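Below is one structure; the comments refer to it alone.
Every value quoted in this text rests on a predicted model; they were computed, and no experiment measured them. Just so it is clear: chains get the letters A, B, ... in the order the sequence lines come, proteins before strands, and each one is counted from 1.
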Number of protein chains: 2
Amino acid sequence: MTENAHSTTNALKVSCSNCSLRELCLPVELSREEMTQLDAVIRQSRRLKRGEALFRSGETFKSVFAVRTGFFKTCVGSHDGREQVTGFHMSGELLGLDGIAANAHGCNALALEDSEVCELPFSRMESLGRDIPSLQHHFFRLMSREIVRDQSVMLLLGNMKADERLAAFLLNLSQRFSTRGFAANDFILRMSREEIGSFLGLKLETVSRTLSRFQANGWITVEHKHIQLIQPPALKAMISGCANQPAAH
Amino acid sequence: MTENAHSTTNALKVSCSNCSLRELCLPVELSREEMTQLDAVIRQSRRLKRGEALFRSGETFKSVFAVRTGFFKTCVGSHDGREQVTGFHMSGELLGLDGIAANAHGCNALALEDSEVCELPFSRMESLGRDIPSLQHHFFRLMSREIVRDQSVMLLLGNMKADERLAAFLLNLSQRFSTRGFAANDFILRMSREEIGSFLGLKLETVSRTLSRFQANGWITVEHKHIQLIQPPALKAMISGCANQPAAH
DNA sequence: TAGCTCGTTTGATACACGTCAAACCCTATT
DNA sequence: AATAGGGTTTGACGTGTATCAAACGAGCTA
């Protein structure tokens, strides 16, 4: 159940070094001395319980965070109560890059399960980047990747129908679990139907109905938060031609 | 008409230096020597005619581009023909940041009118950033700003109704024209109804109908591509509470 | 100037998704 | 173990936007 997403050998070696960062988000060739410098900058990891906020919109920006273990959502809110989930984030992904622009975080980041993150003080990462070109370059790449991801979410929200969105969402999760060494076709959703709906621009009832329809078609099984993909090709067929890559985080 | 958006004194001094970049996208305090270094890196500006592509998705990434004059759209396409406009871009804005991630451009950039851009070879900007910390920091801020913009587009596409989207779109254009010293409430749309629709996740007929309704309400006037905002507060009221900032580029 | 093409407007109709509502079933709390 | 609360499913119905279609107008070409 939940176990299979945690006990399996993790291809990215989440738990080896100081903070696992070099393997996870910074797969860069570094000399021994450079590694030492990097380890000195990376702050001790921080634990969060389910529901806890890593940061909130408006807080002054000091650091970006790398997810070591667990699961996060980021969302932007409006003062009339509406909120839009802008992404779901798992191990090896970076949170808080949107805060650099205004020196203040631009979204809320909430743990969807007990989680652990590394804090990367941004100004120190910046100066370290000046000494280590490959590190600087990698940081630019990470920010660019976030922009690319956002573009594919726009495509999803702007062009796709409810069932296409759901299919893209499930396949994207599948692919990301797979990359991390977890089962690609058997996983637990960490978020509620409402949160999925918010991310996909749908209402929770539509999410629920669409999942039921996929199950009735024999493409997936749904037991509460436990999802199995039975016919991934059927899901892929829905979105073939819609996107360059299946959208999202 | 079209003139008033071009003849007016431009607060950002588009045409003063080599490439106007220091004023436009890189408002950074630089020493005389640093300026010389920067000017050496910025390549001669390039002119494009209406309809011409600055770059296309898949091309190898070498440079980002700063718009000097003119108007661009960026869009991601799917192989079945659908396309999603991801943004509209005017003077002082940077294009191509999404290409860093994969060393290949991730979208198409097309000139919507005769335009002029500066080419910034990225690897040279990167190394220059190592010598000039404030330049490096500014580049990070620009990329972060793009992420923030994308988030507000997601909010628009995920949460807002057709008329709210149009109102946000018009107000965003208005604000950006105003920033550049052009009239805030009287401007020419450089893009078609279909392109607006693609950007906003609507069909062109819906865009047209909604504009007509705004005009019938006395909030705006529409003559083909010439738009006047008569009651900006009425438009603001539509989206108050929907977003932190009115979305888009 | 005439004629064609393409973008735009407007109307009639269809449908996907949202809304409202009720019943169900986990999970958590005491 | 009993109870309360919240997330989920499913149904009936309403509505906003898409779709299909036709007429119009502007700009371009010959």
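We find that A/R82 and B/E164 are joined by a salt bridge, their nearest charged nitrogen and carboxylate oxygen being less than 4.0 Å apart. The pair B/E52-B/R47 fails the salt-bridge criterion, with no side-chain N (NZ, NE, NH1 or NH2) lying under 4.0 Å from an Asp/Glu carboxylate O. Comment: B/E113 does not engage B/R50 in a salt bridge, judged by the lack of any side-chain N to carboxylate O separation of less than 4.0 angstrom. Salt-bridge formation is not detected for the pair B/R193/B/E205: no Lys NZ or Arg NE/NH1/NH2 atom is positioned less than 4.0 Å from an Asp or Glu carboxylate oxygen. In summary, B/E146 and B/R149 engage in a salt bridge, as defined by a charged side-chain N under 4.0 Å from a carboxylate O.
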Q: May I have the step-by-step check of salt bridge (charged side-chain N to carboxylate O under 4.0 Å, His left out) for A/R68 and A/E93, ending in yes or no?
A: CA-CA 8 Å; A/R68 285 190 66 181; A/E93 293 171 350; over 6 Å; no

**Q.** Test log, rule ring-ring contact (aromatic ring centres under 6.0 Å, His included), inputs A/F88 and A/F199
**A.** CA-CA 9 Å; A/F88 298 109; A/F199 178 59; 5.4 Å; yes

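Side chains of A/S198 and A/E194: no donor on one and acceptor on the other come within 3.5 Å. Looking only at atom types and distance, the side chain of A/T86 has a donor-acceptor partner in the side chain of A/T74 under 3.5 Å away. Judged purely by distance below 3.5 Å, without hydrogens or angles, the side chains of A/R176 and A/N172 pair a donor atom with an acceptor atom.
Taking atom CG of A/L166 as the reference point, atom P of D/dT8 lies 13 Å away to the nearest angstrom. Regarding B/E194, its CD atom lies at a distance of 12 Å from the P atom of D/dT19, rounded to whole Å. Put simply, CG on B/D163 is 7 Å from P on D/dT17, counting in whole angstrom units. Between A/H226 atom NE2 and D/dT9 atom C1' the separation is 19 Å, expressed in whole Å. Taking atom CD of A/E223 as the reference point, atom C1' of D/dT9 lies 15 Å away to the nearest angstrom.
Computed from C1' positions of five pairs at each end, the angle between the two local axes of the helix from C/dT1-D/dA30 to C/dT30-D/dA1 equals 50°, rounded to 10 degrees.
Looking at residues two or more places apart in sequence or on another chain, you find a ring-ring contact (aromatic ring centres under 6.0 Å, His included) between A/F214 and A/W219.
Atom CG of A/D150 and atom CG of A/L156 lie 12.0 Å apart (nearest 0.5 Å). Distance CG/A/N185 to CG/A/L229: 5.0 Å, rounded to 0.5 Å. For the atom pair B/D163 CG and B/I239 CD1, the distance stands at 11.5 Å (nearest 0.5 Å).
By the 6.0 Å contact criterion, CZ on A/R46 is enclosed, its count of non-hydrogen atoms from other residues, nucleotides or ligands being greater than 12. Crowding of B/K225 atom NZ: a count of heavy atoms from other residues, nucleotides or ligands under 6.0 Å exceeding 12.
Once you apply a 4.0 Å limit to the heavy atoms of chain B, the touched nucleotides of DNA chain C run 5' to 3' over C/dT8 to C/dA12.
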Would you list the protein and nucleotides 13-15 of chain D atom pairs, both N or O, that sit under 3.5 Å from each other?
none

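Within 4.0 Å of B/G197, counting heavy atoms only, lies no atom of the nucleic acid at all.
Heavy-atom distances under 4.0 Å link DNA chain D to A/L204, A/E205, A/S208, A/R209, A/S212 of residues 203-212 of chain A, given in residue order.
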Q: Between protein and nucleotides 24-30 of chain D, map the contacts as a letter string: B base, S sugar-phosphate only, - none, heavy atoms under 4.0 Å, written 5' to 3'.
A: --S----

